[in-house]
Amino acid sequence: MPLLDAVPALRADLLAWWQANGRHWIPWKLGPDGHPPGAGESLDPWPIWSAEIMLQQTQLQVVLPYWRRWIEAFPTAAALAAASEHEVLMRWQGLGYYARARRLHHGARQLLDQPWPRTVEGWLAIPGVGRSTAGSILSSAFDLPHPILDGNVKRVLTRLTASPRPPARDAAGLWLLSTALLDPHRPRAFNQALMDLGSGVCTPRNPSCGVCPWQGHCAAYAAGDPHRYPVKEAPRELPFQVIGVGVVFNDAGQVLIDQRLNEGLLGGLWEFPGGKQEPGEAIETTIVRELREELAIEAQVGEQLITVDHAYSHKKLRFVVHLCQWQRGEPQPLASQQVRWVAPVELETYPFPAANARIIAALLAHLQSQASADQAA
DNA sequence: AAGTCGTGGTC
DNA sequence: TGACCAAGACT
């Protein structure tokens with residue numbers, strides 16, 4: 001029997017499973033009374049929009065504490081619009097993909113004094129909102145019939161059809177299937193059920209096919225190899241680079257930090273200055289050279305503070321961090337937005353990426369042990 | 001349209 | 001120096 005003929009049964013079976021087994025506790029999916037909304041009932045789009053942006057390529061359990069603090073700080077879109085970019089990045093610090101925060105910030109300002117969009121086109125006009133996020137917001141907030149296609153849905157659908165192609169090679173087909181399956185009478189419940197199925201049953205490893213409401217329709221289950229889907233692209237090797245980093249002190253005991261450009265990796269966040277080690281170059285030379293090239297200062301490189309290995313999505317870096325002493329030259333933001341001397345205790349008031357947070361922890365520990373050594377002497 | 005963009009969980 | 005991946009969007 002063709003899959004499309006089974007659509008009514010698929011909808012009914014999924015929704016029945018979800019009624020008993022779904023995640024009915026997700027905070028941004030609850031009404032003001034703390035209970036799930038009835039069919040056709042609307043929810044405040046703001047907490048949902050915030051959550052959907054945070055959830056892009058990020059697991060629910062990681063998002064939850066960030067989202068709670070975020071909504072407490074910014075209860076409305078207008079509150080976010082009124083906030084500074086510094087405060088926005090502080091609230092996003094550690095969550096990754098920082099362009100999401102700046103786009104959400106801009107989107108909130110863009111929507112000021114405008115009614116909430118109720119069309120896909122209206123949401124697509126907002127920075128950071130793509131087709132799947134738009135569908136998720138519209139179905140979650142307004143119970144409107146728009147499909148979604150996130151990682152969970154891709155996995156469920158590629159297994160359901162035993163698709164031989166990686167999802168990126170068949171986006172059009174997957175969107176068609178998500179659209180065809182969507183229950184037009186209960187879009188909010190159906191989309192959430194599809195994601196809950198992918199999250200709790202149709203999992204990447206060791207799927208629980210024994211309790212799956214779609215087992216009888218699943219081509220991958222019939223073939224006995226649901227774990228093979230979705231078919232993966234050939235993985236690429238990640239380049240590895242060593243970065244020399246200077247924690248530069250001045251005579252007042254302050255350290256030098258710079259704010260990265262908004263474009264590119266870690267855009268808008270603060271960091272300790274540094275740069276890529278060139279072939280055959282001693283790391284101390286790298287640090288001296290980068291401080292000259294990017295800040296126009298002369299500094300003396302001292303002892304190593306720490307090395308930090310960190311994997312990003314498309315490269316692996318090793319930060320070799322040395323304590324340095326500023327000698328001369330007013331720091332210039334030649335490769336950054338701005339540079340600043342700050343007392344070590346003030347570092348916590350700036351948004352730093354995760355690798356730099358480890359450097360700060362090592363620095364504070366170093367200063368602590370140094371202070372107690374001085375006291376003993 | 002392939003490359004870019006983070007981090008932490010989990011095995 | 002692990003591999004793999006997660007409620008994707010943007011260029």
Side-chain angles (χ1 to χ4, degrees), chain A residues 23 26 28-29 48-67 89 92-104 106-107 123-140 147-156 166-169 171-172 174-175 178 188 191-200 202-206 227 230 232-243 260-269 271 307-320 351-358:
Chain A
R23 296 177 290 185
I26 298 174
W28 49 88
K29 302 245 164 180
I48 293 171
W49 177 18
S50 297
E52 292 302 335
I53 300 301
M54 290 184 173
L55 285 163
Q56 291 169 1
Q57 296 289 279
T58 310
Q59 295 178 359
L60 175 62
Q61 65 194 51
V62 177
V63 163
L64 273 169
Y66 279 88
W67 180 86
L89 288 174
W92 206 273
Q93 179 180 15
L95 195 52
Y97 287 137
Y98 299 96
R100 295 183 297 176
R102 287 183 285 107
R103 289 175 185 143
L104 182 51
H106 296 156
W123 279 102
L124 289 178
I126 298 170
V129 177
R131 188 171 173 188
S132 189
T133 298
S136 193
I137 294 172
L138 285 167
S139 60
S140 296
I148 58 174
L149 189 59
D150 59 14
N152 286 313
V153 178
K154 287 174 185 171
R155 188 170 56 256
V156 170
R169 307 286 176 186
L174 292 170
W175 273 111
S178 183
R188 171 192 287 141
N191 280 345
Q192 188 59 45
L194 200 49
M195 287 189 285
D196 287 1
L197 184 70
S199 170
C202 197
T203 52
R205 288 180 291 245
N206 303 318
H227 59 280
K232 300 170 196 62
E233 305 270 7
R236 291 175 300 160
E237 182 135 358
L238 301 185
F240 175 74
Q241 293 171 335
V242 178
I243 307 295
R260 296 175 62 88
L261 301 176
N262 276 343
E263 300 73 30
L265 187 69
L266 306 169
L269 274 71
E271 64 177 5
T307 69
V308 175
D309 290 332
H310 196 83
Y312 296 93
S313 297
H314 285 82
K315 56 182 152 188
K316 300 181 193 175
L317 300 183
R318 169 173 292 168
F319 300 93
V320 180
F352 283 93
N356 273 261
R358 294 189 55 192

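Every chain is numbered from 1, with letters handed out A, B, ... down the list of sequences.
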#### Entry: 4.5 Å side-chain heavy-atom contact, Lys316(A) and Pro239(A)
no

### Query
Just to confirm, is there a sub-4.0 Å distance from OP1 or OP2 of dG6(B) to any side-chain nitrogen or oxygen of His310(A)?
no

### Query
OP1 or OP2 of dT7(B) sitting under 4.0 Å from any side-chain N/O of Tyr98(A)?
yes

### Query
Which part of the nucleic acid does Leu149(A) contact within heavy-atom distance under 4.0 Å: base, sugar-phosphate only, or nothing?
nothing

#### Entry: Under the ring pair (Phe, Tyr, Trp, His ring centres under 6.0 Å) test, residues paired with His310(A) that sit two or more places apart
Tyr312(A)

### Upstream residue (5' side of DNA chain C) when Phe240(A) and Lys154(A) are each assigned their closest nucleotide
Phe240(A)

### Task
Please list, chain by chain and in numerical order, all residues satisfying side chain to side chain donor-acceptor pair (under 3.5 Å) with Arg318(A), sequence neighbours excluded.
Asp309(A)

## Note on the structure
Residue pair Ala355(A)/Arg205(A) against DNA chain B: nearer the 5' end by closest nucleotide is Ala355(A)

### Query
With Trp175(A), which residues qualify under ring pair (Phe, Tyr, Trp, His ring centres under 6.0 Å), at least two apart?
none

### Task
Evaluate the side-chain proximity of Lys315(A) to Leu265(A): yes if any heavy-atom separation is below 4.5 Å, no if none is.
yes

### Message
Which is more 5' along DNA chain B, the nucleotide nearest Gly96(A) or the one nearest Asn206(A)? Just name the residue.
### Response
Gly96(A)

### Query
Dot-bracket for DNA chain B: what is it, with Watson-Crick or G-U pairs under 3.5 Å, [ ] where a pair crosses earlier ones, and | for a pair to another strand?
.||||.|||||

#### Entry: Where chain A begins and ends its contact with DNA chain C, read 5' to 3' at 4.0 Å from heavy atoms
dT1(C) to dC10(C)

### Message
Can you pull out the residues from residues 55-62 of chain A that lie within a 4.0 Å heavy-atom distance of DNA chain B?
### Response
Gln57(A), Thr58(A), Gln59(A), Gln61(A)

